[in-house]
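Since the model is a prediction, treat every value here as computed from it, not as a measurement. The figures here come from the full heavy-atom set of this structure, side chains too, leaving out hydrogens, waters and symmetry mates.
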Amino acid sequence: MKTALITGASVGIGAAFAKELASRKMDVVLVARSQDKLEKLAEQFQTQYNIKAHVILQDLTKPGAAKAVYDAISQAGLTIDLLINNAGFGDYGAFVERPLEKQVQMIQLNILALVELTHLFLTDMKKRRSGAIVNVASIAGYQPLPYSSVYSGTKAFVLTFTEALWAENKDSGVRILVVCPGPTESNFFVEAEFPQTFAGAGQNYATAEEVVQETLQALEKEFSTLVTGGLSNQFIVNLPRFFPRDTIVSIVEKQFKPKK
């Protein structure tokens, strides 16, 4: 592989992906909204790893943004060998009490932009019979998450969508993987406006670097799905197999219910 495109590349798992791939001598295309952060990372990677780092400033919550990214890649004459659809965000609170605009933007970013980018770049990869796509979901995609209902719904979509694509493309020369991290050290809980009791519970969280290492190993083995974080997260995602769905979601609701 020669060039990787990473969305949400300015912080967290996205930045960790970019750093690791650059260290493996891949050129990188960094996509996010933060110009200062992206340009700083690009300069760092070019100096430290002697690779090319391109910056595309794009707000993927806007309709048409994915096509704009694809067009910028085409105009630059770049070929994307690895697409990492990492950009996404969550929200906390009862659905009817949260801003509708934020929920729509979440769907636009977590689902629509991911689907568009996947379609655009997968089409090119299949023609070349080479390439790879990693879509970042979450263990939240395995069960409904009250008070983060839209977020868990978007990640459930990413999970089943990507698994289906893996099966469709097994013999195409294109590797496709969906990765489902558990709680990871990042600004996710703060930006999603979770209470401090959640945001401050990070002593057992995985690092972004750990998620990236597990993901790249699974991609090399041509897995369809990866749940990172060891046995505890495997236990969580498999609970719905053994209990009625209403029982599981009722238990989760009590755990996530806002404290008064």
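Every ring-ring contact (aromatic ring centres under 6.0 Å, His included) that Phe121 has, sequence neighbours left out, goes to Tyr70. Listed by chain and number, the residues in a salt bridge (Lys or Arg N to Asp or Glu O under 4.0 Å) with Glu39 amount to none (sequence neighbours excluded).
Using a distance-only test at 3.5 Å, with no hydrogens or angles considered, no donor-acceptor pair links the side chain of Glu193 to the main chain of Tyr92. Thr7 places a side-chain N or O within donor-acceptor distance of the main-chain N or O of Ala87, the cut-off being under 3.5 Å. Side chain of Lys25 to main chain of Ile51: no donor-acceptor pair is present (N/O by atom type, distance under 3.5 Å, no hydrogens or angles). Distance alone, capped at 3.5 Å, places no donor-acceptor pair between the Asn86 side chain and the Ile6 backbone.
Other residues, nucleotides and ligands contribute only 12 or fewer heavy atoms inside 6.0 Å of the CZ atom of Arg33. In this structure, Asn50 places its CG atom where only 12 or fewer heavy-atom neighbours from other residues, nucleotides or ligands lie under 6.0 Å away. Atom NZ of Lys52 is surrounded by 12 or fewer heavy atoms from other residues, nucleotides or ligands within 6.0 Å. Other residues, nucleotides and ligands contribute at most 12 non-hydrogen atoms within 6.0 Å of the CD atom of Glu43.
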Please list every donor-acceptor pair under 3.5 Å in which a side-chain atom of residues 151-160 meets a protein atom from a residue at least two apart or in another chain.
residue: Ser152; atom: OG; partner: Leu145; partner atom: N; Å: 3.1
residue: Ser152; atom: OG; partner: Ser148; partner atom: O; Å: 3.3
residue: Ser152; atom: OG; partner: Ser149; partner atom: O; Å: 3.2
residue: Thr154; atom: OG1; partner: Asn110; partner atom: ND2; Å: 3.1
residue: Thr154; atom: OG1; partner: Tyr151; partner atom: O; Å: 2.7
residue: Lys155; atom: NZ; partner: Val136; partner atom: O; Å: 3.1
residue: Thr160; atom: OG1; partner: Ala156; partner atom: O; Å: 3.2
residue: Thr160; atom: OG1; partner: Phe157; partner atom: O; Å: 3.4

When the side chains of residues 176-184 are checked against the rest of the protein, which donor-acceptor pairs come out under 3.5 Å, sequence neighbours left out?
residue: Thr184; atom: OG1; partner: Gly182; partner atom: O; Å: 2.9

In a table with atom names and distances, give each donor-acceptor pair under 3.5 Å that connects a side chain of residues 215-236 to protein atoms at least two apart or in another chain.
residue: Thr215; atom: OG1; partner: Val211; partner atom: O; Å: 2.7
residue: Thr225; atom: OG1; partner: Glu163; partner atom: OE2; Å: 2.7
residue: Asn233; atom: ND2; partner: Thr228; partner atom: O; Å: 2.8

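Summarising the hydrophobic clusters (Ile, Leu, Val, Met, Phe, Trp, Tyr; side-chain heavy atoms under 4.5 Å, direct or chained), the residues clustered with Val104 are Leu100.
Between the side chains of Glu253 and Tyr147, at least one donor N or O sits under 3.5 Å from an acceptor N or O.
Under 4.0 Å is where a charged nitrogen must lie from a carboxylate oxygen, and between Lys40 and Asp36 no such pair does.
The shortest non-hydrogen separation linking Phe89 to Met106 is O-CG, 3.3 Å.
Put simply, Leu78 and Met125 are part of the same group of oily side chains (I, L, V, M, F, W, Y) that touch within less than 4.5 Å, one to the next.
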Discussion item. Would Val69 and Glu116 count as a side chain to side chain contact (heavy atoms under 4.5 Å, CB included) here? Give the steps.
Written reply: CA-CA 10 Å; Val69 170; Glu116 291 178 62; over 6 Å; no

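Rounded to the nearest 0.5 Å, atoms CG (Asp124) and OG1 (Thr79) are 8.0 Å apart. We find the CG-CG distance between Leu122 and Leu165 to be 6.5 Å, quoted to the nearest 0.5 Å.
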